[in-house]
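Computed over heavy atoms, backbone and side chain alike; hydrogens, waters and symmetry mates excluded.
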Amino acid sequence: MQSDTLLHAANFSTLFVCFVLKFPQIFVLMRAKSTTGVSLNSLLLELVGFIVFVTYQMYYDYPPPTYLEYPILIAQDVILLLLILHYSGSLRQSLIYALVFVGGWRLLTVEKWIIDLAMSLCTFISAASKFAQLQCLWKSKDAGQVSALSWGMATYTCIARIYTTTVTTGDMQVLVRFIVMTSLNMWVLLTVLYYQRKSSGSKKED
């Protein structure tokens, strides 16, 4: 009974957090009207990882509460993508991205081996998205337009999903993905906080 209550709490809290996970980042971009420190490549890779992951879960009829947040996250990432393209003057490219993502999503379920292969690569794709964001931060040394709150919430949701995956499906591929994502999200979060604190310190000195 206690484990069921904890499972429901983890599923509900993850879903609730994901409803607003990208909002802080969206608001920061809209306020700054600048994408400095925010990696477009990271966002694109994250979208690919999300699409592969949710398609895999649906293909194998996993319990909906274990992946319901992903359509929400995909929608929020699409909004972020449009904002980044808009502020960088490349909004016309959005149609190309839409065609590629929809076509790729349809291709995933054509054959079982395709979705299995995509899922086996999903962890590497998602990890690459985090490293792309880290590289962008290291290069710009500016985290002013990156929301630490969004990365903190992303870290929490991955930790919660380690638990829910362990007690429901036990899928090792999924579990490894969440463990890796937790570590990398935490790395990005600490990097963002470091540069924001460094920037704040510099302003005080000035």
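You'll find the side chain of L44 reaches within 4.5 Å of the side chain of F101, heavy atoms only. A 4.5 Å side-chain heavy-atom check between L43 and E46 finds at least one atom pair inside the cut-off. Contact of the Y87 side chain with the M30 side chain is registered, since non-hydrogen atoms from C-beta on lie closer than 4.5 Å. T109 is not listed as a side-chain neighbour of I114, based on a closest heavy-atom distance of 4.5 Å or more. Between W151 and W187, the closest side-chain pair of non-hydrogen atoms is not below 4.5 Å. Counting only heavy atoms from C-beta outward, the side chains of K130 and V180 never approach each other to under 4.5 Å. Using a 4.5 Å cut-off on side-chain heavy atoms (C-beta onward), N11 and L7 make contact.
Closest heavy-atom contact between Q173 and S120: OE1-CA, 3.0 Å. Considering every non-hydrogen atom in both V146 and G37, the closest pair reads CG2-O, 3.3 Å. Taking each heavy atom of Y195 and A143 in turn, the nearest pair found is CB-CB, 3.8 Å. Here the closest non-hydrogen pair linking T165 and R161 is OG1-O, 2.7 Å. Annotation for Q133 and S39: closest pair OE1-N, 3.2 Å, computed over non-hydrogen atoms. Closest approach of A32 to Q145, counting heavy atoms only: CB-CG, 3.6 Å.
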Would T55 and M119 satisfy side chain to side chain contact (heavy atoms under 4.5 Å, CB included), going step by step from the backbone distance to the final call?
-> CA-CA 9 Å; T55 305; M119 185 59 197; over 6 Å; no
Between L137 and V192, does a side chain to side chain contact (heavy atoms under 4.5 Å, CB included) hold up when you go through it step by step?
-> CA-CA 8 Å; L137 287 167; V192 170; 3.8 Å; yes
Trace of the side chain to side chain contact (heavy atoms under 4.5 Å, CB included) decision for T157 with N185 | CA-CA 10 Å; T157 59; N185 281 337; 5.8 Å; no
What do the steps show when you test R177 against V174 for side chain to side chain contact (heavy atoms under 4.5 Å, CB included), and what is the final call?
-> CA-CA 5 Å; R177 179 183 182 277; V174 175; 5.6 Å; no
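Rounding to the nearest 0.5 Å places CD1 of I84 at 10.0 Å from CD1 of I26. With rounding to the nearest 0.5 Å, the separation of CD in Q196 from CG in D142 is 9.0 Å. Summarising the geometry, atom CZ belonging to F178 is positioned 9.5 Å from atom CE belonging to M181; distances are rounded to the nearest 0.5 Å. Atom CG of L21 sits about 11.5 Å away from atom OH of Y156, to the nearest 0.5 Å. Summarising the geometry, atom CZ belonging to F50 is positioned 12.5 Å from atom CD1 belonging to I125; distances are rounded to the nearest 0.5 Å. With rounding to the nearest 0.5 Å, the separation of CG in D77 from CD in Q25 is 10.0 Å.
F12 and M153 fall into different hydrophobic clusters, where Ile, Leu, Val, Met, Phe, Trp and Tyr side chains are chained together by heavy-atom contacts under 4.5 Å. Tracing side-chain contacts under 4.5 Å through hydrophobic residues (I, L, V, M, F, W, Y), one never reaches F124 starting from L134; they form parts of separate clusters. W138 and V188 end up in the same hydrophobic cluster when Ile, Leu, Val, Met, Phe, Trp and Tyr side chains are linked at under 4.5 Å. Linking ILVMFWY side-chain heavy atoms closer than 4.5 Å, directly or via other members, places L82 and Y97 in a single hydrophobic cluster. A continuous path of hydrophobic side-chain contacts links I179 to L190 [ILVMFWY only; heavy atoms under 4.5 Å].
With respect to L80, the side-chain contact (heavy atoms from CB on, under 4.5 Å) criterion is satisfied by exactly one of L47, L29, T35: L29. For the side-chain contact (heavy atoms from CB on, under 4.5 Å) with L81, the qualifying choice from L85, I79, L83 is L85, the only one to do so. Of the candidates Y59, Y60, F53, F53 is the only one forming a side-chain contact (heavy atoms from CB on, under 4.5 Å) with Q57.
Looking only at distances, a side-chain donor or acceptor of Q76 sits under 3.5 Å from a matching main-chain atom of K22. Judged by distance alone, with hydrogens and angles left aside, the side-chain atoms of S147 form a donor-acceptor pair with the main-chain N or O of S150 at under 3.5 Å. Put simply, the side chain of S126 never gets that close to the backbone of T123: no donor and acceptor are under 3.5 Å apart.
Y62 and D171 form a side-chain donor-acceptor contact under 3.5 Å, judged by distance and modelled atom types alone.
For Y56 and Y70, the ring centers are positioned 6.0 Å apart or more.
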